[in-house]
Asks: 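The structure follows.
Computed over heavy atoms, backbone and side chain alike; hydrogens, waters and symmetry mates excluded.
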Amino acid sequence: MNKQYVMGIDAGTESVRAVLYDLGGRQVAQASRSNLTTFPRPGWAEQSPAGWIKNLTESVHECLSQVEDFSPDQVKGLCVDGTCSTVVAALNDGTVLGDAILWMDTRAADEARHIAASNHPVLRYSGGEDAVEWLVPKALWMKIHEPQRYHRAQKLVEALDYLTFWLCGQWSASVCNATDAWNYVSTEGGFCPDFFVQIGLEDLMEKLPRRVLQMGERAGELTPQAAQVLGLAAGTPVAQGGIDAHAGMLGMGIGEPGVMAMTIGSSSVHLVYTDQPTFIPGLWGPYPDIILKDRWLLQGGQTSTGSVVRWVKDGFAPAAQRDAVREGKRVYQLLDERAARIPPGSNGVTALEHFQGNRSPYRDPLAKGAFLGLTLATREEEIFRAVMEAAAFGTRLILETLAQGGVKVTELRACGGGSQSPLWLQIHADVCGLPLTVCETENVVALGSAMCAAVAAGLYPDLHAAMRAMSCATRVVHPCERTHEAYAVPYRRYVQAYQALKPLFHEFP
């Protein structure tokens with residue numbers, strides 16, 4: 001019997017990953033290639049779209065090579081998810097105009113403030129302002145600072161849109177990305193042209209894709225050119241994907257309020273459904289129909305979490321790296337083991353994880369990273385644990401912001417690279433005082449995209465059915481009440497540290 005598969009392609013910050021699944025959601029094969037990020041100036045971050053295509057192609061080839069007796073017609077659909085707000089300027093034929101401005105890039109801080117000052121009613125759906133990372137502030141920055149590139153561009157899109165176009169030869173936008181970061185509101189008729197006119201982007205709509213599709217809709221079919229490059233069958237359905245964290249929400253099988261999805265990657269994203277539109281300052285949304293029809297979504301996030309953990313590992317843990325080689329362990333495993341022996345509060349070391357600014361609830365692109373309580377006796381594992389705790393403190397702050405707005409969360413559900421650390425999961429559960437469910441697969445985001453592919457291929461009638469059939473198995477990390485109480489003082493220090501340092505942060509370039 002000819003087996004049937006669907007493929008999810010996760011175009012993340014650190015890598016492009018191709019994962020093949022059967023129709024029950026079981027992983028068959030996977031492969032990935034690392035992306036290169038450049039930082040031309042403080043607060044800037046860029047990647048090469050040509051590098052994405054190379055990594056996508058190599059990942060798909062390696063993934064398919066792992067399947068015994070593989071035939072291209074066995075892949076019934078594929079779908080790409082991606083980071084939100086990684087902006088690409090391109091011509092209609094897909095020719096790119098320079099490197100992409102990565103989501104974490106904060107160069108458009110002045111433009112974000114200009115947009116907020118408009119006080120346009122559409123901004124109520126994004127908490128009163130656009131985030132500095134989003135496409136609209138970046139488009140305005142490009143128009144002001146790189147007018148030649150802006151006016152030459154026939155398309156201003158995101159990485160997801162560019163990769164989907166490369167696969168199927170048709171431009172489309174995901175309602176997920178457009179609602180999250182392009183000021184698109186389906187319940188208000190979609191885009192608001194007078195908003196763009198008011199902020200000085202009266203020509204932006206000419207550069208955005210005309211088609212705005214739901215996740216799981218068919219964006220097109222694999223072109224003969226892309227099929228030949230990838231080793232797949234021409235005409236294979238290409239599904240409309242969405243933001244990586246939102247695809248992860250599908251992979252985790254979350255379709256109801258009360259459960260907060262938490263994707264721990266280079267950044268952390270926090271998502272929770274509500275039945276009604278709920279407006280909470282400091283959080284993004286409420287977003288209508290952004291993943292599932294007839295569901296509203298609230299979103300919080302931290303701009304840098306896993307990226308800070310990696311920064312500490314790379315720059316401040318040379319002894320651990322040497323020891324890991326000698327003991328035949330991964331360096332993260334060794335650092336986890338050593339940090340687990342440190343008591344809650346990291347022996348007085350408090351970290352702020354705002355290395356690329358704060359996304360929520362402060363919405364401060366000028367916030368900086370910081371360490372407090374360092375002494376000559378401070379060890380690398382204490383610094384390592386402190387940044388893990390900082391990420392968990394940021395999550396607790398978002399939960400408290402939700403609660404103040406009347407949204408109660410009773411369970412956390414985690415995915416992403418950071419969820420592979422048992423210590424980090426336990427820290428999150430203990431700091432927040434909530435059970436944390438983790439999916440027993442490392443590729444939850446790609447699984448969500450594979451669900452979209454299955455729906456676009458007609459293998460399931462809708463995303464609800466795909467989630468029921470394909471969601472991954474889970475295990476629960478329970479909080480320790482004593483440890484939760486022990487975190488009260490360190491958490492207070494974390495909150496107070498930002499408030500005390502904010503004036504200084506805003507003096508730095």
Side-chain angles (χ1 to χ4, degrees), residues 9-17 32-41 43-56 79-90 94 96-109 111-112 130-142 146 149-150 153 155-167 171-174 176-184 204 207-209 240-248 263 265-269 284 299 301-304 306-307 356-357 359 365 416 445-446 449:
I9 299 170
D10 177 24
T13 305
E14 303 296 333
S15 66
V16 177
R17 182 179 302 273
S32 67
R33 293 292 186 273
S34 296
N35 294 326
L36 174 65
T37 304
T38 58
F39 302 92
R41 300 183 189 179
W44 290 31
E46 299 180 351
Q47 287 185 352
S48 165
W52 302 334
I53 298 299
K54 179 177 181 292
N55 290 340
L56 187 155
C79 178
V80 181
D81 65 75
T83 58
C84 182
S85 305
T86 291
V87 177
V88 179
V96 297
L97 306 177
D99 283 350
I101 303 175
L102 204 61
W103 62 268
M104 67 172 67
D105 188 293
T106 58
R107 71 182 70 181
E111 288 72 24
D130 280 6
V132 65
E133 305 113 29
W134 287 1
L135 179 143
V136 177
K138 285 174 176 170
L140 185 57
W141 181 93
M142 190 181 297
E146 295 183 356
R149 178 158 69 139
Y150 178 84
K155 288 289 181 287
L156 275 179
V157 296
E158 297 200 19
L160 166 65
D161 312 314
Y162 170 72
L163 293 172
T164 300
F165 172 83
W166 185 85
L167 291 171
W171 289 107
S172 62
S174 171
C176 186
N177 299 58
T179 301
D180 188 281
W182 303 10
N183 302 106
Y184 180 95
L204 179 60
K207 302 175 185 294
L208 301 178
Q240 180 61 64
I243 302 168
D244 46 10
H246 298 61
T263 302
S266 298
S267 62
S268 288
V269 180
W284 311 116
Q299 177 175 330
Q302 295 155 274
T303 310
S304 44
S307 56
Q356 290 286 124
R359 185 179 295 158
V445 169
S449 287

Asks: Keeping the roles fixed (side chain from S307, backbone from S266), state whether a donor-acceptor pair exists under 3.5 Å.
Replies: yes
Asks: What pair of heavy atoms forms the shortest contact from G98 to P49, and how long is it?
Replies: O-CD, 4.2 Å
Asks: Can you tell me if T106 uses its side chain to pair, donor with acceptor, with the backbone of G43 under 3.5 Å?
Replies: yes
Asks: What pair of heavy atoms forms the shortest contact from D81 to S449, and how long is it?
Replies: OD2-OG, 2.8 Å
Asks: Check whether K207 reaches the backbone of Y150 with its side chain - one donor and one acceptor, N or O, closer than 3.5 Å.
Replies: yes
Asks: Show me the donor-acceptor pairs, under 3.5 Å and distance only, between side chains in residues 159-167 and residues at least two apart or in other chains.
Replies:
unit_1: D161; atom_1: OD2; unit_2: E158; atom_2: N; d: 2.8
unit_1: T164; atom_1: OG1; unit_2: L160; atom_2: O; d: 2.9

Asks: Let me confirm one number: the CG-CD distance from D105 to E46, rounded to the nearest 0.5 Å.
Replies: 6.5 Å
Asks: Mind checking the NE2-OG spacing from H246 to S174? Nearest 0.5 Å is all I need.
Replies: 9.0 Å
Asks: Report the distance from atom CG of L204 to atom CG of L156, rounding to the nearest 0.5 Å.
Replies: 6.5 Å
Asks: Over all heavy atoms of both residues, which pair between D130 and P137 is shortest? Give the atoms and the distance, please.
Replies: CB-CG, 3.9 Å
Asks: Drop me the distance from T13's OG1 to W103's CH2, to the nearest 0.5 angstrom.
Replies: 5.0 Å
Asks: Sub-3.5 Å donor-acceptor pair from the side chain of R149 to the main-chain atoms of M142, do we have one?
Replies: no
Asks: Taking the side chain as everything from C-beta on, heavy atoms only, tell me whether W134 gets closer than 4.5 Å to D180.
Replies: yes
Asks: Are the side chains of L208 and L135 in contact, using a 4.5 Å heavy-atom criterion?
Replies: yes
Asks: Using a 3.5 Å distance criterion without hydrogens, assess whether the side chain of S15 forms a donor-acceptor pair with backbone atoms of R17.
Replies: no
Asks: Would a 4.5 Å heavy-atom cut-off, applied to side chains only, mark V88 and W52 as touching?
Replies: yes
Asks: Starting at CG of L36, measure out to CD of E14 and round the result to the nearest 0.5 Å.
Replies: 10.5 Å
Asks: If you measure from NZ on K54 to CZ on R33, what distance do you get to the nearest 0.5 Å?
Replies: 7.5 Å
Asks: Using a 3.5 Å distance criterion without hydrogens, assess whether the side chain of K138 forms a donor-acceptor pair with backbone atoms of L102.
Replies: yes
Asks: Looking at every heavy atom in both V80 and A11, which two are closest together, and how far apart are they?
Replies: CG1-CB, 4.3 Å
Asks: Testing T38, T37, T83 for side chain to side chain donor-acceptor pair (under 3.5 Å) with Q47, which one passes?
Replies: T37
Asks: With no hydrogens and no angle check, is any side-chain donor or acceptor of D10 less than 3.5 Å from a backbone partner on D244?
Replies: no
Asks: Once side-chain hydrogen bond (donor to acceptor under 3.5 Å, both in side chains) is applied, do any residues pair with S85, and if so which ones, sequence neighbours excluded?
Replies: none
Asks: Considering non-hydrogen atoms only, spot the tightest contact between P365 and V132 and give its length.
Replies: CB-CG1, 3.6 Å
